[in-house]
Amino acid sequence: MFGIGKKRDREIEDAVAELARADTLAFGGVGFANTLLPATEAYQRLKAASAERPDEVRPHLDRLLDSGSPAGRAYAATLLERIDPAAARTAWTALGDDPAEFTTFTGCVMGRSSLRAYASERLAEA
């Protein structure tokens, strides 16, 4: 089992790097082909890792919230909801002042949102 921990750490780091530069927020397949975007795959990897090792993933989410792309920050706050709901509410509240925009996908439907609008929706749903 030598090296498995390092491989998992590298997978987490790679997923965080992908989300840090993400320009699109999508939680499932997009378009007629139902294709998973690289950022969606990275989100899913971090979601799985956060279920198994939340204490290892949390610092990465905090870093994404501070320095990720607008879509990356939305992904990070979404993942934080599973680990620490109170911290996620705080993150969404802070993002509610951010006018930065990103592309969204829900199935075949592409749109645009600002962090301000998206955070407002997430807080209303909570």
Side-chain angles (χ1 to χ4, degrees):
M1 295 301 192
F2 182 78
I4 289 177
K6 289 185 187 271
K7 180 181 177 194
R8 286 191 310 200
D9 290 345
R10 187 72 196 150
E11 288 174 355
I12 289 172
E13 290 171 14
D14 290 346
V16 169
E18 183 65 42
L19 293 185
R21 63 179 176 267
D23 60 358
T24 302
L25 185 75
F27 294 103
V30 301
F32 291 114
N34 202 31
T35 303
L36 283 181
L37 300 175
T40 305
E41 292 175 339
Y43 166 80
Q44 290 176 349
R45 285 193 306 273
L46 281 179
K47 182 179 172 184
S50 68
E52 296 172 7
R53 303 178 311 280
D55 293 339
E56 290 178 38
V57 173
R58 174 65 189 270
H60 296 286
L61 299 181
D62 292 338
R63 194 170 61 249
L64 266 175
L65 284 167
D66 287 337
S67 60
S69 68
R73 289 180 285 177
Y75 277 121
T78 301
L79 287 163
L80 194 54
E81 290 172 355
R82 300 175 154 275
I83 296 173
D84 186 344
R89 279 190 299 280
T90 300
W92 285 124
T93 300
L95 294 173
D97 292 332
D98 195 326
E101 293 188 350
F102 53 94
T103 301
T104 61
F105 258 106
T106 303
C108 296
V109 180
M110 184 174 80
R112 296 279 299 162
S113 185
S114 67
L115 275 170
R116 178 183 297 140
Y118 195 81
S120 177
E121 291 173 16
R122 293 305 290 240
L123 286 168
E125 292 172 2

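Every value quoted in this text rests on a predicted model; they were computed, and no experiment measured them.
- For the pair A22 and A71, the tightest heavy-atom approach, listed with the atom from each and the gap, is O-CB, 3.5 Å.
- A distance-only check finds a donor-acceptor pair linking the side chain of T90 to the backbone of A86 [under 3.5 Å].
- You'll find the ring centres of F27 and F105 outside the 6.0 Å limit.
- Atom OG of S69 and atom CZ of R21 lie 9.5 Å apart (nearest 0.5 Å).
- Classification of the Y118-W92 ring pair by plane angle, with boundaries at 30° and 60°, yields tilted.
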From CA spacing to verdict: side chain to side chain contact (heavy atoms under 4.5 Å, CB included), V57, L79: CA-CA 9 Å; V57 173; L79 287 163; 5.9 Å; no
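- Counting all heavy atoms, side chain and backbone alike, R112 lies closest to T104 at N-OG1, 3.9 Å.
- Taking both residues in full, the closest heavy atoms of G28 and T40 are given as N-CG2, 3.9 Å, listed atom of the first, atom of the second, then distance.
- A single hydrophobic cluster is not seen to contain both L25 and V30; linkage of ILVMFWY side chains at heavy-atom distances under 4.5 Å, directly or through other members, places them apart.
- At least one donor-acceptor pair under 3.5 Å links the side chain of S114 to the backbone N or O of A117.
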Full working for side chain to side chain contact (heavy atoms under 4.5 Å, CB included) between I12 and R53: CA-CA 11 Å; I12 289 172; R53 303 178 311 280; 3.2 Å; yes
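- With salt bridges taken as basic N to acidic carboxylate O contacts below 4.0 Å, none links R8 and E11.
- Taking the side chain as every heavy atom from C-beta outward, M110 and T103 approach each other to under 4.5 Å.
- A salt bridge links D98 with R73: the closest approach of a Lys/Arg side-chain nitrogen to an acidic carboxylate oxygen falls below 4.0 angstrom.
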Pair L80-R58, side chain to side chain contact (heavy atoms under 4.5 Å, CB included): steps then yes or no: CA-CA 7 Å; L80 194 54; R58 174 65 189 270; 3.4 Å; yes
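- Looking only at distances, a side-chain donor or acceptor of Y75 sits under 3.5 Å from a matching main-chain atom of A26.
- Looking only at side-chain heavy atoms (C-beta outward), T93 and L123 come within less than 4.5 Å of each other.
- By the rule that hydrophobic residues join a cluster once side-chain heavy atoms approach within less than 4.5 Å of another member, V16 and L37 end up as members of separate clusters.
- With respect to the salt-bridge test (charged N to carboxylate O, under 4.0 angstrom), the residues R116 and D97 do not qualify.
- In this structure, I83 and L61 have side chains that are in contact, with non-hydrogen atoms separated by less than 4.5 Å.
- Looking only at atom types and distance, the side chain of S50 has no donor-acceptor partner in the side chain of R82 under 3.5 Å away.
- Side-chain atoms of H60 and L19, non-hydrogen and from C-beta on, never get closer than 4.5 Å to each other.
- Of the inter-residue distances, the one linking E41 atom CD with D14 atom CG reads 12.5 Å to the nearest 0.5 angstrom.
- Between L36 and Q44, the closest side-chain pair of non-hydrogen atoms falls below 4.5 Å.
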Chi angles and distances behind the side chain to side chain contact (heavy atoms under 4.5 Å, CB included) call for E81, R89: CA-CA 8 Å; E81 290 172 355; R89 279 190 299 280; over 6 Å; no
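- Heavy atoms only, all atoms of each residue included: A77 and A91 are closest at CB-CB, 4.3 Å.
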